[in-house]
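A quick write-up on the structure given underneath.
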Amino acid sequence: MKLSNKYLALMPGLSLAILIFSAIIITWQQQGISKQPEIPTISWQNTRLPDWNQITFSKMPAINESGSFQTPPGVTEKLGYNPSRSWNAGQKPDSFTMLGDFQDSLKLQKFSLTDIAQIVDLDLQKLNLESFGVMKFQTLDSLVKAIPDLKKNHVSEVKSVLDLLDQYLSNSFDTNQTIGNLLQQSPHLGKLSLSSLNLKSYNLNSIPGLSTTPIGSFEKWQGVYIDEIPGLANVPFSQFPNPINPVGTEVGIVDIAFATNEQQRKSTISGSDKEGFAVPCAQDCSHTELSGSPAVNGKAWVSGKYQLVKGGKGILGSVNGGKEPTGRQPFGDAFKVAIWDVSEVDGMITQALFFRACMRNNFIDLGCTPYFIGPVPFMSYREKEPIFLGAIDESKNSVSTPTGLKSSGFTFNKPPITSGNALSNLIPAAKGDCKHLHSSGTNIDALSNAMLSTEDNYNAVGSYVCDSNGNCGRALGAMQFMSYRSDVRKIILSKSGGSQFLAKLDVGEKVTGEEMMQYFSPTDQQSLIAIETNNLLSIASQQVDLSTRKPFSGNRLIERAAQMHFGGLGIPADELVSDVREENSVQEYGNNVTHKYSKAMELMGCLK
């Protein structure tokens with residue numbers, strides 16, 4: 001038996017955030033991007049698209065401004081690597097972005113060194129172990145876990161392993177025994193770290209199977225910088241395991257460039273994946289007005305240099321005050337594209353890229369920061385030139401926040417007029433509320449975050465399924481709300497075109513995540529969370545735990561609430577049936593959520 005859908009869902013955090021970063025340095029306003037780079041392009045529908053066959057991390061322009069963020073004690077130990085960053089103007093993105101930042105977007109961890117070498121014509125025989133950035137994190141245990149066949153090799157056959165054992169064992173040992181047998185007899189040796197060796201002394205091919213093993217198989221791969229993986233920075237974006245592609249097809253015309261003296265731009269196509277890409281601007285609305293199809297004609301793409309919006313997800317969503325430049329994501333989640341400098345005088349606009357940091361391993365998920373690491377210069381356009389826009393989102397969830405900068409009179413021949421360091425005041429949000437409790441004593445913020453860490457992306461669209469009552473539809477969004485729910489339908493129907501979209505869902509027509517996000521945005525999804533959390537806990541607390549013959553309470557209450565979220569209100573407690581992906585049974589899901597709930601409580605500082 002397999003579960004075909006999920007009945008209830010929760011969203012992250014509510015007020016869950018921790019004071020995770022002690023320093024953020026942002027100086028976007030110091031200068032304009034005086035010289036735009038030459039970005040390779042191809043022609044498509046009368047406009048220019050980046051030629052991702054020629055664009056690599058190493059060929060990307062350098063970041064224009066310096067910055068940093070620092071994690072406090074404890075976070076590094078929980079993740080197993082130090083996610084703190086600092087970057088200086090002039091650095092390329094491959095030197096300040098980590099593999100973990102792209103684990104869901106580009107999926108770089110699926111590469112092996114052999115895969116990369118075949119793409120970029122790299123001679124692996126000339127490389128040593130130190131050049132492979134994951135090696136400094138490996139122990140004997142993690143190495144054989146990543147390369148199981150290594151257990152079959154004799155100790156004498158793997159020089160680095162032999163030398164590592166020689167360092168720590170004063171007595172002689174049998175070098176003809178297999179590595180697997182050695183670790184079975186002396187499991188404490190599995191904790192020996194390869195970082196104690198001079199890794200430059202060993203070739204990559206000295207460890208059998210190393211070059212053909214996916215990077216994601218190695219311990220703490222998430223904390224390795226792009227430029228620490230040989231050849232990776234030279235792989236074109238089009239050849240990544242999840243290659244960059246346009247999201248949507250809309251093209252507009254850069255009609256007129258406007259400076260910050262523009263006010264009250266209610267019809268926009270800029271924003272964030274958290275608020276939707278139609279966030280209005282109230283003041284200092286420097287932008288380009290677009291012409292073209294009815295979907296974009298007369299609308300504004302507002303400059304992210306002068307307007308901020310909410311961004312990020314999970315605990316890291318509080319970094320930089322939870323703010324990022326307003327913009328668009330026409331090429332997916334790897335980075336954000338913002339209109340940056342806008343000159344009425346020159347009739348010209350520039351674009352800039354912004355990156356984010358994501359931190360997740362098998363045990364803890366801190367989410368992703370807003371897209372605030374930038375600007376990295378990108379493309380430029382003049383008035384009356386076509387511009388690629390991607391998918392158009394008509395939802396309007398809030399108003400953007402002015403940065404305080406001014407662009408009146410700005411020309412690309414001299415820097416813009418600035419007024420004060422408004423961005424330096426952006427700091428992380430306060431801690432989650434330890435007093436935000438259900439009547440049972442369960443912390444709602446922590447439980448929401450625990451459940452979210454097991455779920456999908458905001459743009460996730462499930463298979464078309466029917467429940468035992470004949471309700472049919474698809475699971476939507478990060479928490480897989482079923483489309484036949486009345487509260488979900490009410491939100492979708494409130495949007496222009498919502499009734500037609502629901503009709504497609506009701507009969508099982510194919511819909512994309514991009515289309516779903518237009519009618520059921522991340523903010524819409526968040527709006528359903530508090531009530532859902534309370535309902536689950538209230539229902540579970542009224543049920544009898546057959547293992548104790550008493551009502552569910554404590555950790556068992558959390559397990560039961562999670563089980564009902566996973567399998568529906570009618571699912572029997574501790575069932576061993578799995579979901580359609582066969583990744584978790586009902587019982588396993590409840591146990592996982594309970595473990596993550598404890599971690600969330602610890603991070604919130606609620607455990608005394």
Side-chain angles (χ1 to χ4, degrees), residues 28 31-51 61 64 246 248-271 277-281 283-307 325-331 336-354 375-392 400 402-403 405-418:
W28 296 333
Q31 60 183 9
I33 297 176
S34 57
K35 184 179 180 180
Q36 282 299 114
E38 292 293 328
I39 301 294
T41 61
I42 58 172
S43 296
W44 182 81
Q45 292 194 6
N46 297 319
T47 190
R48 293 177 290 134
L49 284 180
D51 185 356
N64 264 34
T249 59
E250 192 68 46
V251 173
I253 303 293
V254 177
D255 196 16
I256 308 174
F258 287 101
T260 51
N261 52 356
E262 293 294 315
Q263 315 292 325
Q264 297 298 328
R265 301 302 301 181
K266 295 182 179 180
S267 183
T268 82
I269 63 160
S270 46
F277 295 97
V279 177
C281 173
Q283 66 182 72
D284 297 342
C285 304
S286 180
H287 68 279
T288 178
E289 185 172 302
L290 300 163
S291 60
S293 73
V296 301
N297 192 49
K299 293 185 178 181
W301 184 343
V302 178
S303 168
K305 187 171 186 176
Y306 308 102
Q307 295 291 323
T326 190
R328 297 184 56 74
Q329 290 174 221
F331 304 107
K336 185 175 188 176
V337 180
I339 295 293
W340 202 238
D341 288 315
V342 179
S343 174
E344 284 188 9
V345 177
D346 300 323
M348 182 177 173
I349 62 172
T350 65
Q351 292 178 326
L353 304 183
F354 285 82
V376 173
F378 198 43
M379 299 177 70
S380 61
Y381 297 87
R382 294 192 176 276
E383 289 177 352
K384 311 311 176 186
E385 187 176 354
I387 182 173
F388 177 71
L389 305 174
I392 302 301
S400 59
T403 63
L405 307 180
K406 304 295 180 183
S407 66
S408 298
F410 171 69
T411 173
F412 286 96
N413 296 319
K414 60 184 180 181
I417 302 169
T418 64

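With sequence neighbours left out, Ser293 forms a side chain to side chain donor-acceptor pair (under 3.5 Å) with Glu250. Looking at residues two or more places apart in sequence or on another chain, you find no ring pair (Phe, Tyr, Trp, His ring centres under 6.0 Å) involving Tyr381. Residues satisfying the side chain to side chain contact (heavy atoms under 4.5 Å, CB included) test with Gln264, not counting sequence neighbours, are Lys266, Ala282.
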May I have the step-by-step check of side-chain contact (heavy atoms from CB on, under 4.5 Å) for Gln307 and Val279, ending in yes or no? CA-CA 10 Å; Gln307 295 291 323; Val279 177; over 6 Å; no
Trp44/Thr249 under side-chain contact (heavy atoms from CB on, under 4.5 Å): CA gap, chis, key distance, verdict: CA-CA 10 Å; Trp44 182 81; Thr249 59; 4.0 Å; yes
Is there a side-chain contact (heavy atoms from CB on, under 4.5 Å) between Val254 and Arg382 once you walk through the steps? CA-CA 7 Å; Val254 177; Arg382 294 192 176 276; over 6 Å; no
Set out, in order, the CA-CA distance, both residues' side-chain angles and the distance that settles side-chain contact (heavy atoms from CB on, under 4.5 Å) for Ile253 and Leu290, then state yes or no. CA-CA 5 Å; Ile253 303 293; Leu290 300 163; over 6 Å; no
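The two residues Pro61 and Ile39 come nearest to each other via the heavy atoms CG-CD1, 4.0 Å. Between Cys281 and Val302 the shortest heavy-atom distance is CB-CG2, 4.3 Å. Nearest approach of Phe277 to Gly327, heavy atoms of both residues: CD2-O, 3.3 Å. Across Asp284 and Tyr306, no two heavy atoms sit closer than the pair O-CB, 3.9 Å. In terms of heavy-atom proximity, Ile349 sits nearest to Ala257 at CG2-CB, 4.2 Å. Taking each heavy atom of Ala352 and Pro375 in turn, the nearest pair found is CB-CB, 3.6 Å.
Formation of a donor-acceptor pair under 3.5 Å by the Thr47 side chain with backbone atoms of Pro386 is found in this model. With hydrogens and angles ignored, the 3.5 Å screen pairs a side-chain donor or acceptor of Thr350 with a backbone N or O of Asp341. Judged by distance alone, the side chain of Lys305 and the main-chain N or O of Ser286 form no donor-acceptor pair under 3.5 Å.
No option in Lys384, Arg265, Lys299 other than Arg265 meets the salt bridge (Lys or Arg N to Asp or Glu O under 4.0 Å) test with Glu289.
Within the 4.5 Å cutoff, side-chain heavy atoms of Ile339 are placed close to those of Gln351. Met348 places none of its side-chain heavy atoms less than 4.5 Å from the side chain of Val342. At a threshold of 4.5 Å between non-hydrogen side-chain atoms, the residues Leu389 and Val296 count as touching. Looking only at side-chain heavy atoms (C-beta outward), Gln45 and Phe388 stay at 4.5 Å or farther from each other.
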